[in-house]
Amino acid sequence: MPKIIKGFEHIPYKVEAIEETEVLERTKLYYQHLDQRRSIRTFSDKAVPKEVIENLILAASTAPSGAHKQPWNFCAISNPALKSKIREAAEAEERESYESRMSDRWKKDLEPIATDANKPFLEVAPWLVVAFKKIYDLDESGNKQTNYYVNESVGIACGMFITAVHKAGLVTLTHTPSPMNFLSKILERPVNEKAYILFPVGYPSEEVFVPNLKRKSLDKVSCFYE
Ligand code: IYR
């Protein structure tokens, strides 16, 4: 039965009861599953149905957000002409970044990942999904309605998008050409939307090599206070 709390309807919510051993097993399996995820830069051009992308966006959009404003817009592009435009503009920004904007230290840190200004995945991947953050919403009369914790909210939604892609057996990459305002222009986004992360989404190319990176051990990423 719904209940009125402070004037608003609340509905009952139940969490599935699970044995502690099962909880332990699930956390272990989920960690192991996520640990298999890698950022992939070489894609197959194999098509991915639109409904799959819709489901991934719906999964991302279940993320918690400041005052439940869901301050994001995921733009999904499969149109080849638009993908080519995006590649051309992204590579122009990246060339500028690699040649003059990025520090030597930054470029040195990126050496193990072997990136450069060429971004063929922007044309090869069947879908590009660009997450836009909405600093504010515009109501019907065009008034600005501020959103809250926008970076945190969109960051969480993007994390959930990435895990949903992985769970589906697809691959992606967090591509952040900087600055990203060319995306607003090409995709004709309104002024309240700012590009946040670009995700190429698809199947990996037949042969994939990823850098042999190691993840930090638990003691390097946590502190326990018992
Ligand atoms: N945006 C550039 C550079 C780049 C920056 C970081 I931090 C990375 O982890 C990887 C790449 C590019 O996409 O090449």
Side-chain angles (χ1 to χ4, degrees), residues 34-45 48 53 56 60 72-80 82-133 135 150-166 170-187 189 193-205 207-217 220-221:
L34 289 187
D35 198 31
Q36 297 299 311
R37 187 203 58 79
R38 295 299 308 260
S39 290
I40 299 302
R41 291 176 165 80
T42 50
F43 285 76
S44 155
D45 61 3
V48 170
I53 302 300
L56 294 171
W72 46 71
N73 186 17
F74 288 87
C75 293
I77 303 116
S78 64
N79 179 296
L82 274 181
K83 288 199 295 182
S84 300
K85 261 190 174 176
I86 291 172
R87 176 180 179 182
E88 200 181 314
E91 287 182 337
E93 291 296 1
E94 294 290 60
R95 271 194 296 277
E96 183 73 24
S97 293
Y98 279 89
E99 279 162 23
S100 49
R101 291 188 196 125
M102 289 155 69
S103 64
D104 289 343
R105 164 93 198 277
W106 190 351
K107 281 187 273 192
K108 190 123 202 77
D109 278 341
L110 286 180
E111 276 174 9
I113 303 173
T115 56
D116 60 30
N118 297 312
K119 306 296 173 192
F121 54 77
L122 293 173
E123 280 182 307
V124 178
W127 290 95
L128 305 180
V129 178
V130 186
F132 283 85
K133 65 176 180 183
I135 310 294
V150 171
N151 281 312
E152 293 82 348
S153 303
V154 183
I156 297 167
C158 286
M160 293 174 72
F161 182 82
I162 293 165
T163 51
V165 168
H166 178 60
L170 299 169
V171 296
T172 189
L173 164 70
T174 50
H175 181 45
T176 52
S178 171
M180 289 207 273
N181 36 14
F182 68 88
L183 290 167
S184 301
K185 284 197 200 115
I186 294 173
L187 302 173
R189 300 318 309 154
E193 294 187 16
K194 297 270 176 274
Y196 187 81
I197 295 178
L198 188 164
F199 297 103
V201 180
Y203 293 95
S205 58
E207 199 176 35
V208 181
F209 286 90
V210 293
N212 189 10
L213 307 176
K214 301 282 175 256
R215 294 195 161 105
K216 289 180 180 174
S217 58
K220 297 274 186 331
V221 297

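Ligands are counted one by one from 1 in listed order, and the atoms in each one are counted from 1 as well.
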For Asp116, is the nearest heavy atom under 4.0 Å from an atom of ligand 1?
yes

Can you tell me if Tyr98 and Thr115 form a side-chain donor-acceptor pair at under 3.5 Å?
yes

Report yes if Tyr98 has an N/O atom closer than 3.5 Å to an N/O atom of ligand 1; otherwise report no.
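Right, the criterion is met.
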
Are any of the N/O atoms on Lys119, whether in the backbone or the side chain, positioned under 3.5 angstrom from an N/O atom of ligand 1?
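It does: an N or O of Lys119 is found under 3.5 Å from an N or O of ligand 1.
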
Side chain to side chain contact (heavy atoms under 4.5 Å, CB included) for Phe199 and Phe161? Distances and angles first, verdict last.
CA-CA 9 Å; Phe199 297 103; Phe161 182 82; 3.7 Å; yes

Chi angles and distances behind the side chain to side chain contact (heavy atoms under 4.5 Å, CB included) call for Asp45, Tyr203
CA-CA 8 Å; Asp45 61 3; Tyr203 293 95; over 6 Å; no

Which ligand 1 atoms does [X] reach within 4.0 Å, using its non-hydrogen atoms?
X: Thr176; result: 1 (N)
X: Glu94; result: 1 (N), 2 (C), 12 (C), 13 (O), 14 (O)
X: His175; result: 13 (O)

Before you tell me yes or no, could you show the steps for Ser84 and Glu88 under side chain to side chain contact (heavy atoms under 4.5 Å, CB included), namely the whole-Å CA-CA distance, both residues' side-chain angles and the distance that decides it to 0.1 Å?
CA-CA 6 Å; Ser84 300; Glu88 200 181 314; 6.0 Å; no

Would you call Glu91 and Arg87 a salt bridge, taking side-chain N to carboxylate O under 4.0 Å as the test?
yes

Less than 4.5 Å apart, side chain to side chain, heavy atoms only: is that true for Glu93 and Phe182?
yes

Return the closest protein heavy atom for atom 8 (C) of ligand 1 as residue, atom name and distance.
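Looking only at protein heavy atoms, the one closest to atom 8 (C) of ligand 1 is Leu110 CD2, 3.3 Å.
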
Identify, for atom 7 (I) of ligand 1, the protein heavy atom at the shortest distance, and state residue, atom and that distance.
Trp106 NE1, 3.5 Å

